[in-house]
A.B. asks: 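Dropping the structure in here first, questions after.
All residue numbers in this chain count up from 1 along the given sequence. Since this is a predicted model, take the numbers as computed values, not measurements. All values below were derived from every heavy atom in this structure, side-chain atoms included, with hydrogens, water molecules and symmetry-related copies excluded.
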Amino acid sequence: MSTIEREGPTVDEDRGTIQDKTPRITLADGNAIPQVGLGVLRIDDDDTAPVVESALEVGYRHIDTAAGYGNEQGVGKGLERSGFNTGERRASLWLTTKLKDSEQGYDTALKAFDRQIGLLRTDYVDMYMIHWPTPFNWRSADTWRAFVRLRDERRVRTLGVCNFLPEDLDRLYRQTGEYPAVDQIELHPTWQQHEVTQYCTEHGIAVQAYSPLARGADFHAGGGLLAEIARNHSREGRTVSEAQVILRWHIENGTIIIPKSVHRERQIENLNLFDFELSASEHDAITELDGPTRAGHDPRTFSYS
């Protein structure tokens, strides 16, 4: 089972940076992933390097990308320019990437990884993930064999999946005898996927949320509820935002989160979540916002080719 090692970040007011004291979640395979990372979906490759450099400077030690995002080269440039592609700095960083759905399969996955690792300008990734289960063209078992080989070769530390539903996780386990360490899914207050999260909890799979803020759509959920909670926790010299309230809710649920921002100030805001706690009633009120509408795609039908 995964566990959380809690240690909140501190803000350097003079430099406007956050030191890297983000909690780490210890996964079933023994590796520890920072609970807050930077997602880089929908950032053009040419624009990605400075975003990554900024995030690393303010204290992020977890970067999440994918072949399907088309910006692994930009991530690699950002890591290299910041000195986080080798040595001790690289060891302090958690780097995740994902396999394209069109490259699932044993030989194709191995070939794809060679290309991806070159773009990322580093010798290994901390987590390699199957991006979508594609149950209509299932190749996850063969792909997983390739992933295990990469792990045995120490080119990958942790194996994960994205968007897998319980039936997909069952199928993968039946065919490979192994569960992923992480399932990255769309998760936010108005789309909580309780069936998936309960399954993951029962099987020692850590849950990672993409679109943890529903791309901003959840800010107004509850008719001003989040704004009210944010005001309750704001004080002189410290303003708490609706985004921080939502991200804090995720943190208290033990969920790994990868909010995206290209702006330094917002990157700092998204990491500065550890100097306040929601009350039980506030937390429960956010949980009650769950609804029937996803912001993204249905894993039963979608392929991110």
A.B. asks: If you measure from the Lys or Arg side-chain nitrogens to the Asp or Glu carboxylate oxygens, is any gap between Arg300 and Asp168 under 4.0 Å?
C.D. replies: no
A.B. asks: Rounded to the nearest 0.5 Å, what separates atom OG1 in Thr48 from atom CD1 in Ile63?
C.D. replies: 10.5 Å
A.B. asks: Kindly give the heavy-atom pair with the smallest separation between Ala55 and Gln267, and that separation in Å.
C.D. replies: N-OE1, 3.2 Å
A.B. asks: How close do Lys100 and Ala67 get, heavy atom to heavy atom, and via which atoms?
C.D. replies: CG-CB, 3.6 Å
A.B. asks: Any non-hydrogen side-chain atom of Met127 less than 4.5 Å from a side-chain atom of Gln208?
C.D. replies: yes
A.B. asks: Salt bridge (charged side-chain N to carboxylate O under 4.0 Å, His left out) for Arg264 and Glu57? Distances and angles first, verdict last.
C.D. replies: CA-CA 9 Å; Arg264 177 187 175 91; Glu57 183 179 351; 3.5 Å; yes
A.B. asks: Using the ring pair (Phe, Tyr, Trp, His ring centres under 6.0 Å) criterion, which residues pair with His131? Sequence neighbours excluded.
C.D. replies: Tyr69, Tyr304
A.B. asks: What pairs with Asp126 under side chain to side chain donor-acceptor pair (under 3.5 Å), at least two apart in sequence or on another chain?
C.D. replies: Arg90, Arg157
A.B. asks: According to a 4.5 Å side-chain heavy-atom criterion applied to Ile, Leu, Val, Met, Phe, Trp and Tyr, with indirect links allowed, do Leu41 and Ile258 form part of one hydrophobic cluster?
C.D. replies: yes
A.B. asks: If I compare all heavy atoms of Gln175 with all of Ala141, which pair ends up nearest, and what's the gap?
C.D. replies: OE1-CB, 3.0 Å
A.B. asks: Would you please name every residue forming a salt bridge (Lys or Arg N to Asp or Glu O under 4.0 Å) with Glu103, sequence neighbours left out?
C.D. replies: Arg115
A.B. asks: Going by the rule side chain to side chain donor-acceptor pair (under 3.5 Å), which residues pair with Asp29 if we only count those two or more places apart in sequence or in a different chain?
C.D. replies: Asn31, Thr158
A.B. asks: Ser241 versus Glu269: any side-chain heavy-atom pair under 4.5 Å?
C.D. replies: yes
A.B. asks: Between the side chains of Thr190 and Asp218, does any donor sit under 3.5 Å from an acceptor?
C.D. replies: yes
A.B. asks: What do you reckon, is CZ of Arg235 surrounded by more than 12 foreign heavy atoms closer than 6.0 Å?
C.D. replies: yes
A.B. asks: Going by the rule ring pair (Phe, Tyr, Trp, His ring centres under 6.0 Å), which residues pair with Tyr128 if we only count those two or more places apart in sequence or in a different chain?
C.D. replies: Phe113, Phe147
A.B. asks: Which is it for Gln244 and Phe276 under the side chain to side chain contact (heavy atoms under 4.5 Å, CB included) test, yes or no, and what are the steps along the way?
C.D. replies: CA-CA 10 Å; Gln244 288 174 312; Phe276 73 100; 4.3 Å; yes
A.B. asks: Tell me, with the steps shown, if Arg149 and Glu153 meet salt bridge (charged side-chain N to carboxylate O under 4.0 Å, His left out).
C.D. replies: CA-CA 6 Å; Arg149 174 175 169 177; Glu153 294 173 349; 3.0 Å; yes
A.B. asks: Please name the pair of heavy atoms, one in Asn270 and one in Pro259, separated by the smallest distance, quoted to 0.1 Å.
C.D. replies: ND2-CB, 3.8 Å
A.B. asks: Check side chain to side chain contact (heavy atoms under 4.5 Å, CB included) between Thr239 and all other residues, then give those that pass, not counting sequence neighbours.
C.D. replies: Ser234
A.B. asks: Indicate yes or no: does Lys77 engage Asp45 in a salt bridge with an N to O separation below 4.0 Å.
C.D. replies: no
A.B. asks: Do Gln192 and Thr287 have a side chain donor and acceptor closer than 3.5 Å?
C.D. replies: no
A.B. asks: My understanding is that only residues two or more places apart in sequence, or in another chain, count here; which of them pass side chain to side chain donor-acceptor pair (under 3.5 Å) with Arg89?
C.D. replies: none
A.B. asks: Check whether more than 12 heavy atoms from other residues, nucleotides or ligands sit under 6.0 Å from atom CZ of Arg238, and answer yes or no.
C.D. replies: yes
A.B. asks: For His250 and Glu252: C-alpha separation, side-chain torsions, deciding distance, then whether side chain to side chain donor-acceptor pair (under 3.5 Å) applies.
C.D. replies: CA-CA 5 Å; His250 282 291; Glu252 293 178 3; over 6 Å; no
A.B. asks: Test of understanding: with side chain to side chain donor-acceptor pair (under 3.5 Å), list the residues that count as partners of Arg42, not counting sequence neighbours.
C.D. replies: none
A.B. asks: Show your reasoning for whether salt bridge (charged side-chain N to carboxylate O under 4.0 Å, His left out) applies to Asp123 and Arg155.
C.D. replies: CA-CA 7 Å; Asp123 293 334; Arg155 303 178 75 196; over 6 Å; no
A.B. asks: Under the rule for salt bridge (Lys or Arg N to Asp or Glu O under 4.0 Å), what residues qualify as partners of Arg215, not counting sequence neighbours?
C.D. replies: none
A.B. asks: Check the hydrophobic clustering (I, L, V, M, F, W, Y; side-chain heavy atoms under 4.5 Å; chains of links allowed) and say if Trp144 and Leu110 are grouped together.
C.D. replies: yes
A.B. asks: What pairs with His297 under ring pair (Phe, Tyr, Trp, His ring centres under 6.0 Å), at least two apart in sequence or on another chain?
C.D. replies: Phe302
A.B. asks: State whether Tyr106 and Arg145 meet the cation-pi test: NZ (Lys) or CZ (Arg) under 6.0 Å from the six-membered ring centroid, and within 45° of the perpendicular axis.
C.D. replies: yes
A.B. asks: Mind checking what makes salt bridge (Lys or Arg N to Asp or Glu O under 4.0 Å) contact with Arg121, not counting sequence neighbours?
C.D. replies: Glu80
A.B. asks: To check you understand the geometry: which heavy-atom pair defines the closest contact between Pro212 and Pro189, and what is its length?
C.D. replies: O-CD, 4.0 Å
A.B. asks: Please work out whether the ring planes of His62 and Trp94 are parallel, tilted or perpendicular, with thresholds of 30° and 60°.
C.D. replies: perpendicular
A.B. asks: Counting only N and O atoms by type, is there a donor-acceptor contact under 3.5 Å from the side chain of His283 to the main-chain atoms of Ser279?
C.D. replies: no
A.B. asks: Looking at CG of Asn232 and CG of Leu278, how far apart are the two atoms once the value is rounded to the nearest 0.5 Å?
C.D. replies: 10.0 Å
A.B. asks: Would Trp191 and Ser211 count as a side chain to side chain donor-acceptor pair (under 3.5 Å) if you check the C-alpha gap in whole Å, the side-chain angles of each, and the deciding distance to 0.1 Å?
C.D. replies: CA-CA 10 Å; Trp191 183 254; Ser211 297; over 6 Å; no
A.B. asks: Are His233 and Glu282 linked by a side-chain donor-acceptor pair shorter than 3.5 Å?
C.D. replies: yes
A.B. asks: Can a donor-acceptor pair be found between the side chains of His263 and Glu265 at a distance below 3.5 Å?
C.D. replies: no
A.B. asks: Considering residues at least two apart in sequence or located in another chain, which fulfil the salt bridge (Lys or Arg N to Asp or Glu O under 4.0 Å) criterion with Glu277?
C.D. replies: none
A.B. asks: Going through the checks in order, is the side chain to side chain donor-acceptor pair (under 3.5 Å) test met by Thr65 and Asn71?
C.D. replies: CA-CA 7 Å; Thr65 186; Asn71 57 18; 2.8 Å; yes
